[in-house]
2 protein chains.
Amino acid sequence: MNLDKNDERILKNLLVDARLSARQLGLKLGMSTVTILSRIKKLEKEKVIKGYTALIDHEKLGYTLTAIIEIIAKKDKIIDIETELAKIENVCGVYDITGNTDTLVIAKFKSRNELSEFVKGIASIQNIENTITHVVLNTAKEDFRLA
Amino acid sequence: MNLDKNDERILKNLLVDARLSARQLGLKLGMSTVTILSRIKKLEKEKVIKGYTALIDHEKLGYTLTAIIEIIAKKDKIIDIETELAKIENVCGVYDITGNTDTLVIAKFKSRNELSEFVKGIASIQNIENTITHVVLNTAKEDFRLA
DNA sequence: CTTGAAACTTCGGGCAC
DNA sequence: GTGCCCGAAGTTTCAAG
């Protein structure tokens, strides 16, 4: 899979506004509609573009609480546990990391109670030995689009 | 700002596919094009919808390395530091958290060298006392869309 | 608040180049 | 790869429930 300059330009524009039509993109980038469209199709087919989504203000939807949870677990069960965690709706990120803890989880909740239930829930998962919960006091940045 | 069931249904559909037209959404949800459109406009105006973006496979673009960096800093300079970090392109998330460390940073890089330069760079920022870098071995989930 | 229909605009795809 | 054209699909407007 090789991307040339034009593919990258298309990607960058779609990152900023996924609703741009092939026509508008063509005008903006000086390419024809057909070219743009075939490149987008290619990028979708190769799964470079995995989909299109709306960026939502989580806080306005009630998700006012973000937590980061460190998990220490039985080494041979980590993958199973992570798979389990990934299924939970509130969970936004599950990272297997180097260092003292095995797994880092980022999750969002509508209330302190929801968080509390969540932590209780995972503490009771088999093979999880310990959890450390950090509450996010302020989110200075949360933007996983990359140029 | 109050969202009713219909607003939520629209949002959920846009989370899954931001390119759906008002017409298609209307057919799918049993509402008229005009109603859908006026609700979307309202959601955009209220900044519940902050924008639309393409979901990109970072790894296919070369960002094969994710790191999570804990930062300990002079207490009264934390906000300044976070603002600074948020400006850096590779940085996807900056969280001010409770616990032993002050700030957690998630960033993505194209190479080990890029990460190394990044860590050196932030270690030299004034008022940062210590940093602990974790390399992400595996990302089990990374999806900040919430239902 | 909602709607359906008409008017107008823009879209994507096919064809010739 | 581009430009043009067409039918399909998009949005906007409006009168009315």
Side-chain angles (χ1 to χ4, degrees), chain A residues 1-64 110-111 143-147, chain B residues 1-63 110 143-147:
Chain A
M1 186 62 209
N2 263 359
L3 303 180
D4 66 13
K5 280 285 167 218
N6 284 331
D7 290 321
E8 281 178 28
R9 289 207 295 157
I10 293 171
L11 280 178
K12 280 189 195 177
N13 276 277
L14 287 176
L15 280 177
V16 175
D17 183 0
R19 306 195 70 157
L20 284 171
S21 68
R23 240 190 175 66
Q24 288 170 307
L25 274 171
L27 288 173
K28 195 169 172 188
L29 303 180
M31 291 184 264
S32 83
T33 309
V34 185
T35 309
I36 299 282
L37 210 61
S38 65
R39 281 169 183 266
I40 291 179
K41 286 269 164 64
K42 181 189 68 183
L43 292 167
E44 288 173 351
K45 197 174 166 189
E46 308 269 354
K47 306 275 187 220
V48 176
I49 297 175
K50 293 187 288 186
Y52 303 92
T53 191
L55 292 169
I56 304 281
D57 187 324
H58 300 127
E59 299 219 354
K60 292 206 170 115
L61 279 190
Y63 289 93
T64 50
K110 290 189 175 175
S111 67
D143 185 349
F144 285 76
R145 298 174 293 176
L146 283 174
Chain B
M1 185 63 210
N2 263 1
L3 302 181
D4 64 14
K5 281 285 167 215
N6 284 331
D7 290 320
E8 283 179 26
R9 288 206 296 155
I10 292 171
L11 278 178
K12 280 188 193 178
N13 276 277
L14 287 177
L15 280 178
V16 175
D17 184 0
R19 305 196 70 158
L20 284 170
S21 67
R23 184 180 258 263
Q24 287 170 308
L25 272 172
L27 290 173
K28 194 170 172 186
L29 302 181
M31 292 184 263
S32 83
T33 310
V34 184
T35 307
I36 298 282
L37 210 62
S38 66
R39 281 169 182 265
I40 290 179
K41 285 270 166 58
K42 180 189 67 183
L43 292 167
E44 288 173 350
K45 197 173 167 189
E46 307 269 356
K47 304 273 187 224
V48 176
I49 296 175
K50 293 187 289 184
Y52 303 92
T53 190
L55 293 169
I56 304 281
D57 188 324
H58 300 125
E59 301 220 352
K60 291 206 172 117
L61 279 191
Y63 289 93
K110 290 190 175 175
D143 185 350
F144 285 76
R145 297 175 291 176
L146 283 174

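Lettering of chains follows the sequences in order, A, B, ..., and the numbering in each one begins at 1.
Under the 3.5 Å distance criterion, the side-chain polar atoms of A:Arg145 are left unmatched by any main-chain donor or acceptor of B:Thr53. A:Lys60 contributes a side-chain N or O that, together with a main-chain N or O of B:Glu46, makes up a donor-acceptor pair within less than 3.5 Å.
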(Q) What does the B/S/- profile of nucleotides 10-17 of chain C look like, 5' to 3', with a 4.0 Å heavy-atom cutoff to protein? (A) -BBSB---
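For B:Ile36 and C:dT2, the CD1 to P distance is 10 Å, given to the nearest whole Å. In this structure, CG of B:Asn6 is placed 13 Å from P of C:dC1, rounded to the nearest angstrom. Look at CG on A:Leu27: it is 16 Å from P on C:dT9, rounded to the nearest Å. Atom CD1 in B:Ile10 sits about 14 Å away from atom P in C:dC1, given to the nearest Å.
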Q.
Determine whether B:Asp143 and B:Leu55 satisfy the following criterion, side-chain contact (heavy atoms from CB on, under 4.5 Å), listing intermediate values before the conclusion.
A. CA-CA 10 Å; B:Asp143 185 350; B:Leu55 293 169; 6.0 Å; no
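By the 4.0 Å N-to-carboxylate-O rule, A:Asp17 lies too far from A:Arg19 to be salt-bridged with it. A salt bridge links B:Asp7 and B:Arg39; the closest N-O separation between the charged side-chain nitrogens and carboxylate oxygens is under 4.0 Å.
Listed pair B:Arg39 / C:dC1 fails the phosphate criterion, with no side-chain N or O lying under 4.0 Å from OP1 or OP2.
Other residues, nucleotides and ligands contribute only 12 or fewer heavy atoms inside 6.0 Å of the NZ atom of A:Lys47.
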